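Because the structure is a prediction, the values reported are computed rather than measured. One-based numbering along the sequence shown. First listed ligand is number 1; within each ligand, the first listed atom is number 1.
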Amino acid sequence: MNDLRLAVVGAAGRMGRMLVQTIPDTLGVRLVGALGRAGSGCIGVDSGTLIGSGPNGVAISDDPAAVAAQCDVLIDFSSPENTVALSGLCAQLGVAHVIGTTGLSAQDLEVVAEASRKVAVVRSGNMSLGVNLLAVLVEKAARALGPAWDAEIVEMHHAKKVDAPSGTALLLGEAAARGRGIDLGEHSARGRDGLTGPRKTGDIGFASLRGGTVVGDHTVILAGAGERIELTHRAEERGIFARGALAAALWVRGRPPGLYNMQDVLGLSGD
Ligand SMILES: NC(=O)C1=CN([C@@H]2O[C@H](COP(=O)(O)OP(=O)(O)OC[C@H]3O[C@@H](n4cnc5c(N)ncnc54)[C@H](OP(=O)(O)O)[C@@H]3O)[C@@H](O)[C@H]2O)C=CC1
Ligand SMILES: O=C(O)C1=N[C@H](C(=O)O)C[C@H](O)C1
């Protein structure tokens, strides 16, 4: 089988650079395109040179249509507005879209869902094996314990992160909500401040910390009467997300249109 042709969106960003670095070490894939923000200094620069690993012959482009037209899968860790724009383009061109971008609004998610009627899309707030396994454990624990055990999700990320709660915190919140058979949107407590009153039984709480260079820490706390369970994942390097995204790209090849997640990719869906 021919190598899967990949294009990296946000190639000059933290995750984009990690992907450009990881792709040459991954069997069965080839970097054919790299996208950056129009007008930014990275446009025209060789994406390998940018990360200090020597030229790879793939210059960073500001032309999404031209880049998407020559790849099989677009791997996208950028921003919600960019991801939404690329979602339509992927659907139009029949290019699979692997989306790691977080902070998408409900409206943005509808656009992605619409695109997934025409093309295969894998979207996850966290591409790592560890977090997706943690989500399975959280769902099971929440199901077993029920709403009498208060669920709180605490996350910490580097100072440059722009969205909160993190996509991972929301993914873990969804897992807890699934376990309890409730709708997360109707049972979330976000951004407590001031005279909040007592905690509402059944709510799933979120707290976000920002600072330094933390790659991504998440703890789900299940607090019962007189005892507490804490389930934690700590990301130590961004390679875990890049490797997950590349596994998703290889998995999505040849799949019918649909909206998939990392539990599908990793075979954790039935657990
Ligand atoms: N699902 C997962 O496993 C993970 C998800 N993420 C998510 O991925 C996203 C990116 O994270 P990270 O790499 O740290 O962020 P960065 O800010 O380092 O990188 C984002 C890149 O996308 C580019 N970009 C943003 N908007 C546009 C646009 N409209 N047009 C063209 N280029 C654009 C940025 O360009 P510029 O710098 O010019 O703005 C930048 O190069 C975030 O949403 C983050 O939460 C991160 C890690 C793991
Ligand atoms: O912005 C980041 O860095 C990360 N974003 C994702 C999130 O919002 O959960 C995944 C990871 O935690 C790193």
Side-chain angles (χ1 to χ4, degrees), residues 7-22 33-43 45 47 50-51 60-65 67-68 74-89 97-105 108 112 121-132 134-135 153-175 206 208-220 232-249 261-263 265-266:
V8 171
V9 181
R14 283 175 288 274
M15 277 307 301
R17 288 170 191 244
M18 183 53 74
L19 280 156
V20 170
Q21 183 187 320
T22 309
L35 281 165
R37 187 189 288 278
S40 99
C42 68
I43 302 303
V45 175
S47 55
L50 188 78
I51 62 167
I60 302 182
S61 162
D62 59 2
D63 186 346
V67 167
L74 210 59
I75 303 190
D76 182 356
F77 290 81
S78 60
S79 64
E81 80 276 8
N82 196 45
T83 294
V84 163
L86 292 175
S87 187
L89 182 67
H97 197 183
V98 172
I99 301 175
T101 308
T102 58
L104 277 75
S105 66
D108 295 338
V112 171
V121 177
V122 181
R123 188 186 75 82
S124 178
N126 195 303
M127 299 281 178
S128 75
L129 171 60
V131 157
N132 285 282
L134 176 62
I153 301 174
V154 184
E155 51 108 341
M156 180 158 188
H157 283 86
H158 53 94
K160 296 197 183 321
K161 184 161 178 64
V162 295
D163 57 307
S166 68
T168 310
L170 294 171
L171 178 160
L172 294 169
E174 290 287 358
F206 292 89
S208 298
L209 314 179
R210 295 288 175 267
T213 56
V214 178
V215 176
D217 288 356
H218 293 87
T219 298
V220 178
T232 296
H233 178 270
R234 295 188 202 284
E236 293 170 355
E237 45 108 3
R238 290 187 174 83
I240 60 172
F241 311 129
R243 291 193 291 276
L246 293 173
N261 59 33
M262 281 308 282
Q263 301 218 345
V265 172
L266 297 168

Where's the contact between [X] and ligand 2, heavy-atom distance under 4.0 Å: side chain, backbone, both or neither?
X	value
R14	neither
T168	both
L171	neither

Determine, considering heavy atoms only, which of [options] sits nearest to [atom].
atom	options	value
atom 15 (O) of ligand 1	R17, H157, R14	R14
atom 46 (C) of ligand 1	M15, K160, M262, M127	M15
atom 3 (O) of ligand 2	M15, H158, K160, K161	H158

Ligand-residue contact atoms, ligand 1 with [X], heavy atoms, under 4.0 Å:
X	value
G100	1 (N), 2 (C), 4 (C), 5 (C), 6 (N), 7 (C), 8 (O)
F241	3 (O), 47 (C), 48 (C)
K161	45 (O)
A12	41 (O)

Could you find the nearest protein heavy atom to [atom] and give me its residue, atom name and distance?
atom	result
atom 20 (C) of ligand 1	F77 O, 3.8 Å
atom 30 (N) of ligand 1	N82 OD1, 3.2 Å
atom 21 (C) of ligand 1	G10 CA, 3.7 Å
atom 44 (C) of ligand 1	T102 OG1, 3.6 Å
atom 26 (N) of ligand 1	S79 OG, 2.7 Å
atom 9 (C) of ligand 1	S78 O, 3.5 Å
atom 40 (C) of ligand 1	G13 CA, 3.9 Å
atom 36 (P) of ligand 1	R37 NE, 3.5 Å
atom 12 (O) of ligand 2	H157 NE2, 2.6 Å

Side chain proximity check, [X] to [Y], heavy atoms < 4.5 angstrom:
X	Y	answer
L171	M262	no
V215	R238	yes
T168	E155	no
N132	S124	yes
T102	K161	yes
E174	N261	no
F241	M18	no
V122	V265	yes

Nitrogen or oxygen atoms of [X] and ligand 1 under 3.5 Å apart:
X	value
H158	no
S128	no
G125	yes

For the atom pair [atom1] ([X]) and [atom2] ([Y]), what is the distance rounded to the nearest 0.5 Å?
X	Y	atom1	atom2	result
T83	D108	OG1	CG	8.5 Å
E81	L86	CD	CG	10.0 Å
S87	I99	OG	CD1	5.0 Å
T213	H157	OG1	NE2	12.0 Å

Which part of R238 is near ligand 1, with near meaning a heavy atom under 4.0 Å away: side chain, backbone, both or neither?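 Near ligand 1, R238 shows nothing, with every heavy atom at 4.0 Å or more.
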
Counting only heavy atoms closer than 4.0 Å, does ligand 1 sit against the backbone of C42, its side chain, both, or neither?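 For C42, there is no contact with ligand 1 at all, from either part.
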
Quiz question: by atom type and distance under 3.5 Å, do the side chains of D76 and S78 form a donor-acceptor pair?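 On atom types as modelled, these side chains qualify, holding a pair under 3.5 Å.
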
Below 4.0 Å from ligand 1: does a non-hydrogen atom of G167 turn up there or not?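 No.
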
Report yes if some N/O of G167 lies less than 3.5 Å from some N/O of ligand 2; otherwise report no.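 The answer is yes, given that G167 and ligand 2 share an N or O pair closer than 3.5 Å.
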
If every non-hydrogen atom of V131 is compared with every non-hydrogen atom of L172, which pair is closest and at what distance?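 Smallest interatomic distance, heavy atoms only, reads O-CD2, 4.3 Å.
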
Do the side chain of R210 and the main chain of H158 share a donor and acceptor less than 3.5 angstrom apart?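 Side chain of R210 to backbone of H158: no pair is present.
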
Can you establish whether the number of heavy atoms outside E236 located under 6.0 Å from its atom CD is more than 12?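 No, CD of E236 has 12 or fewer neighbouring heavy atoms, counting only those of other groups under 6.0 Å.
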
Considering only heavy atoms of [X], which atoms of ligand 2 have at least one such atom less than 4.0 Å away?
X	answer
S166	7 (C), 8 (O), 9 (O)
H218	12 (O)
G125	6 (C), 7 (C), 9 (O), 10 (C)

Residues that H97 engages under ring pair (Phe, Tyr, Trp, His ring centres under 6.0 Å), provided they are two or more places apart: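 Partners of H97 by the ring pair (Phe, Tyr, Trp, His ring centres under 6.0 Å) criterion come out as none, since no residue qualifies.
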
